[in-house]
Participant: 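Following this message is one structure expressed as structure tokens.
Order of listing sets the numbers, starting from 1, for every ligand and every atom in it. It should be emphasised that the depicted structure is a prediction, and the values quoted were computed from it without experimental measurement.
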Amino acid sequence: MNQLESNTNRWRLSGQKAVVTGGTKGIGRAIAEEFLNLGAEVIIVARKQTELDTLLAEWHTQQLPASGYALDLSRSTDRLTLTEKVIEKWGRLDILVNNVGTNIRKKTVAYSEKEYQLLLDTNLTSAFHLSQLLYPLLKQSAQGNIIQISSVSGLNHLRTGAIYGMTKAAMIQLTKNLAVEWAPDNIRVNALAPWYIRTPLADAVLQNPDYLNSVLERTPMGRVGEPAEVAAAAAFLCMPAASYITGQCLAIDGGFSVYGF
Ligand SMILES: NC(=O)C1=CN([C@@H]2O[C@H](COP(=O)(O)OP(=O)(O)OC[C@H]3O[C@@H](n4cnc5c(N)ncnc54)[C@H](OP(=O)(O)O)[C@@H]3O)[C@@H](O)[C@H]2O)C=CC1
Ligand SMILES: C[C@H](O)[C@@H]1OC(=O)[C@H](O)[C@@H]1O
């Protein structure tokens, strides 16, 4: 391989096989599209079959190598089904992006046990269990990668709910543990910690002008982020060019997390 070719491959995802959870909307869709445009083959997962079918049809008109499954990854049975599908389709895996997550925004005393369990299952258990289940396939890759989509709410207090913050902080700790444990298997594990990104999940609160102003007042760059700005960071961390980066958490936040006073 000549120097130029190796340099070119360093900045692409050519031939890599990636699973992106929550890939029909928002950050997950942007990550899947970034990966596809960089030469990867992608499987996406979401609950709504109609949205999955519509997006896959759009990608297939562009000859993009994408497939998908309508599964609820808060459920252990569906996580096992996804694993079986990946084994059946590819028999190996290069990239896992644990992107699925949701929030119920309440004061701590207002949460029910059911709400607590839903957030834990959706945001954290799904990421932990899928990392476990897909480890053998990632181990077969010479360049395995896991990207955990955390949040700045895993780094700081946000007024958007303690349970969500707990799950995101735990994803960052899981990133560190798996990065060390699985380094001998050539599996790198990194986390991204976005601040507000313009997606359907965030729009629920960003559409309130007063709330949006409060967000912008805490954001040095003066705007919310775009899904593609998170996707670019995810793509870089999975590239050969990032081959010595593991166990890290990268904030995608317009300066939010370093803004004191
Ligand atoms: N947007 C933001 O400001 C920030 C987001 N994040 C994190 O980024 C990640 C993505 O967020 P965002 O893009 O905003 O979210 P969206 O709600 O916009 O999209 C979530 C995606 O995940 C899918 N999904 C949700 N629940 C499940 C489930 N149980 N099983 C399978 N698929 C599911 C949705 O499809 P369907 O409904 O069909 O299942 C959709 O494709 C989350 O982990 C979130 O916590 C972190 C910081 C900031
Ligand atoms: C920025 C936060 O982590 C994130 O944005 C959302 O929409 C969630 O409710 C979280 O607060």
Participant: Would you please test R29 and E58 for salt bridge (Lys or Arg N to Asp or Glu O under 4.0 Å) and show each step?
Facilitator: CA-CA 12 Å; R29 172 171 176 170; E58 182 184 324; 3.0 Å; yes

Participant: For atom OH of Y211, is the number of surrounding heavy atoms from other residues, nucleotides or ligands below 6.0 Å larger than 12?
Facilitator: yes

Participant: Within the 4.0 Å heavy-atom shell around N103, which atoms of ligand 2 are there?
Facilitator: 8 (C), 9 (O), 10 (C), 11 (O)

Participant: To which protein heavy atom is atom 23 (C) of ligand 1 closest, and what is the distance rounded to 0.1 Å?
Facilitator: G22 CA, 3.5 Å

Participant: State whether the shortest distance between N or O atoms of S151 and N or O atoms of ligand 1 falls below 3.5 angstrom.
Facilitator: no

Participant: Just say parallel, tilted or perpendicular for the rings of W195 and F256, cut-offs at 30° and 60°.
Facilitator: parallel

Participant: Nearest protein heavy-atom contact for atom 19 (O) of ligand 1: which residue, which atom, what distance?
Facilitator: K25 CB, 3.9 Å

Participant: For atom 46 (C) of ligand 1, is some protein heavy-atom partner under 4.0 Å away?
Facilitator: yes

Participant: Using a 4.0 Å heavy-atom cut-off, which part of S150 comes near ligand 1: side chain, backbone, both, or neither?
Facilitator: backbone

Participant: If you have a sec, work out which protein heavy atom is nearest atom 29 (N) of ligand 1 and how many Å separate them, to one decimal?
Facilitator: D72 OD1, 2.9 Å

Participant: Quick one: nearest non-hydrogen protein atom to atom 3 (O) of ligand 1, plus distance?
Facilitator: I197 N, 2.9 Å

Participant: Number the atoms of ligand 2 from 1 as they appear, then name those within less than 4.0 Å of a heavy atom of S153, with their elements.
Facilitator: 3 (O)

Participant: Side chain or backbone of L158 under 4.0 Å from ligand 2, or both, or neither, by non-hydrogen atoms?
Facilitator: side chain

Participant: Would you mind listing which atoms of ligand 2 come within a distance below 4.0 Å of any non-hydrogen atom of S151?
Facilitator: 2 (C), 3 (O)

Participant: Which residue supplies the protein heavy atom nearest to atom 38 (O) of ligand 1, what is that atom called, and how far is it?
Facilitator: K48 N, 3.0 Å

Participant: Starting from atom 11 (O) of ligand 1, locate the nearest protein heavy atom and write down its residue, its atom name and how far away it is, to 0.1 Å.
Facilitator: L201 CD2, 4.0 Å

Participant: With a 4.0 Å heavy-atom cut-off (strictly under), which part of W195 contacts ligand 1: side chain, backbone, both or neither?
Facilitator: backbone

Participant: In the protein, what heavy atom is nearest to atom 25 (C) of ligand 1, and what distance, to one decimal place, separates them?
Facilitator: R47 NH2, 3.5 Å

Participant: Under 4.0 Å from any heavy atom of I27, which atoms of ligand 1 are there?
Facilitator: 5 (C), 8 (O), 13 (O)

Participant: What do we get for K168 next to ligand 1 when only non-hydrogen atoms under 4.0 Å count, side chain, backbone, both or neither?
Facilitator: side chain

Participant: Considering only heavy atoms of A202, which atoms of ligand 2 have at least one such atom less than 4.0 Å away?
Facilitator: 7 (O)

Participant: Pick one of side chain, backbone, both or neither for how K168 approaches ligand 2, counting any non-hydrogen atom pair under 4.0 Å.
Facilitator: neither

Participant: State whether the shortest distance between N or O atoms of A202 and N or O atoms of ligand 1 falls below 3.5 angstrom.
Facilitator: no

Participant: Is T160 in polar range of ligand 2, meaning some N or O pair under 3.5 Å apart?
Facilitator: yes

Participant: For atom 44 (C) of ligand 1, find the nearest protein heavy atom and state the residue, atom name and distance (0.1 Å precision).
Facilitator: Y164 OH, 3.5 Å

Participant: Tell me, with the steps shown, if L130 and V100 meet side chain to side chain contact (heavy atoms under 4.5 Å, CB included).
Facilitator: CA-CA 11 Å; L130 278 176; V100 162; over 6 Å; no

Participant: Minimum distance, heavy atoms only, to atom 31 (C) of ligand 1: which one of V224, L71, N99, V45 is it?
Facilitator: L71

